[in-house]
Student: 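Starting off with a structure, shown below.
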Amino acid sequence: MLANMGVITDPFSRSMLTPLWTGFVRAIAHWPGATKPGSVARAGLGTRIIWHDAQVVRALEAGIDQVVTIGAGYDSRAWRFRRDGVRFFELDHRATQQDKIARAPAPGPIYVEADLTHDDAAAALVAGGLDAAAPALFIIEGVTMYLAEATVRDQLATLARSSAPGSRITIDFHPPHTIGTSRDRRLMRVQRMFRAGSGETFHLLLDRPHAVALVESSGWDVDDAVSLRDAAHAFVPPEFGLPVDLVSEHKTLIAATHH
């Protein structure tokens, strides 16, 4: 959907769409008028993707040659950023991963099965071939809100202890439902309505100071912590036509390093 709008260059996404999402994308593409349904949600999602993409580019330019997407879902970075000498890993639970493998183009990343609620992500990755002696970038996008705080803290701490100096993470956090203006709360209610029936329940909701504290107490040095709205203004060109001024200023994006 975002690729169709020119927000990101992603020729791989369509092959991984389920029939339901294929129908939704077609409906949006043919929706009359410039304002499409869920435009604010798409602006937020587009911003989040572009910001994480920028962290991937920075890591690759710094010489990091291991890129790990944790809770990967149907992420396409292993294809969009493929380059010689760089290994991409994707960690996810078996059901989603097997469905993705059946849909995704080959060659793909190194797939590692794990359930974040009870498996040690770092140990699973090392068993899957990750070189713990070399720096890696860990992408944790759109994941933390679905996990308990103790789980997020433990996984981040284990990744820090198991990673080489110079490793990085890029991660985001959803704010509490009560934070922000009445418009912010109304938009979050609408987003929860769209998510109803997905089986995904929010567990961890943090404001920015608490999100930063969680990451730092888990063994990572925070280099950048920005609001989704500030990221939208910085990374989303006006010609995309997305309502970036309405993107939540309370959702948090964090880039951090393990020294």
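Position 1 is the first residue of the sequence, and the numbers go up from there.
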Student: Which pair of non-hydrogen atoms, one from Phe138 and one from Ser167, has the smallest distance, and what is that distance?
Tutor: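 Phe138 and Ser167 have their closest heavy atoms at CE1-CB, 4.4 Å.
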Student: Among residues at least two apart in sequence or on other chains, which ones pass side chain to side chain contact (heavy atoms under 4.5 Å, CB included) with His118?
Tutor: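 His118 satisfies side chain to side chain contact (heavy atoms under 4.5 Å, CB included) with Asp115 only.
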Student: Linking I/L/V/M/F/W/Y whenever any side-chain heavy atoms sit under 4.5 Å apart, do Ile139 and Leu159 land together?
Tutor: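 No, Ile139 and Leu159 fall in different hydrophobic clusters.
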Student: Who are the salt bridge (charged side-chain N to carboxylate O under 4.0 Å, His left out) partners of Glu216, not counting sequence neighbours?
Tutor: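 None.
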Student: Looking at residues at least two apart in the chain, or sitting in another chain, which of them share a salt bridge (charged side-chain N to carboxylate O under 4.0 Å, His left out) with Arg208?
Tutor: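 Residues passing salt bridge (charged side-chain N to carboxylate O under 4.0 Å, His left out) with Arg208: none at all.
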Student: Same cluster or not: are Ile50 and Phe81 linked, directly or through other Ile, Leu, Val, Met, Phe, Trp or Tyr residues, by side-chain heavy atoms under 4.5 angstrom apart?
Tutor: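 Result: no, two separate clusters.
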Student: Identify the heavy atoms of Asp92 and Gly73 that sit nearest to each other, and give their distance.
Tutor: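 Taking Asp92 first and Gly73 second, the nearest heavy atoms are OD2-N, 2.7 Å.
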Student: Are Asp53 and Arg80 ion-paired here, with the side-chain N under 4.0 Å from a carboxylate O?
Tutor: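 Answer for the salt bridge query: yes.
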Student: Applying side-chain contact (heavy atoms from CB on, under 4.5 Å), run through Val143 and Ile70 and close with a yes or a no.
Tutor: CA-CA 8 Å; Val143 173; Ile70 295 177; 5.6 Å; no
Student: According to salt bridge (charged side-chain N to carboxylate O under 4.0 Å, His left out), who are the partners of Arg94, at least two apart in sequence or on a separate chain?
Tutor: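 Counting only residues at least two positions away or on another chain, Arg94 forms a salt bridge (charged side-chain N to carboxylate O under 4.0 Å, His left out) with Glu113.
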Student: Answer yes or no: is there a side-chain heavy-atom contact under 4.5 Å between Trp51 and Val226?
Tutor: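 In contact.
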Student: Under a 4.5 Å cut-off applied to non-hydrogen side-chain atoms, are Leu228 and Asp172 in contact?
Tutor: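 No, too far: nothing below the 4.5 Å cut-off.
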Student: Can you find a side-chain donor-acceptor pair between Asp119 and His93 that sits under 3.5 Å?
Tutor: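 Checked: Asp119/His93 side chains show no N/O donor-acceptor pair below 3.5 Å.
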Student: A side-chain contact here means heavy atoms from C-beta on lying under 4.5 Å apart; do Phe173 and Val215 qualify?
Tutor: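 Counting from C-beta outward, Phe173 and Val215 do come under 4.5 Å.
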Student: Partners of His258 by ring-ring contact (aromatic ring centres under 6.0 Å, His included), sequence neighbours excluded?
Tutor: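 Listed in chain order: Trp220.
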Student: Could you check whether any side-chain heavy atom of Arg48 comes within less than 4.5 Å of a side-chain heavy atom of Lys251, counting everything from C-beta outward?
Tutor: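 Contact flag for Arg48/Lys251 side chains = no.
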Student: Are Glu141 and Thr69 side-chain neighbours, meaning at least one heavy-atom pair lies under 4.5 Å?
Tutor: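 Sidechains of Thr69 and Glu141: no contact.
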Student: With sequence neighbours excluded, what pairs up with Gln66 under the side chain to side chain contact (heavy atoms under 4.5 Å, CB included) test?
Tutor: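 With sequence neighbours excluded, Gln66 shows a side chain to side chain contact (heavy atoms under 4.5 Å, CB included) to Arg87, Phe89, Leu130, Asp131, Ala134, Ala136, given in chain and number order.
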Student: Kindly indicate whether the side chain of Val247, heavy atoms from C-beta on, has any atom under 4.5 Å from the side chain of Leu242.
Tutor: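 Counting from C-beta outward, Val247 and Leu242 never come under 4.5 Å.
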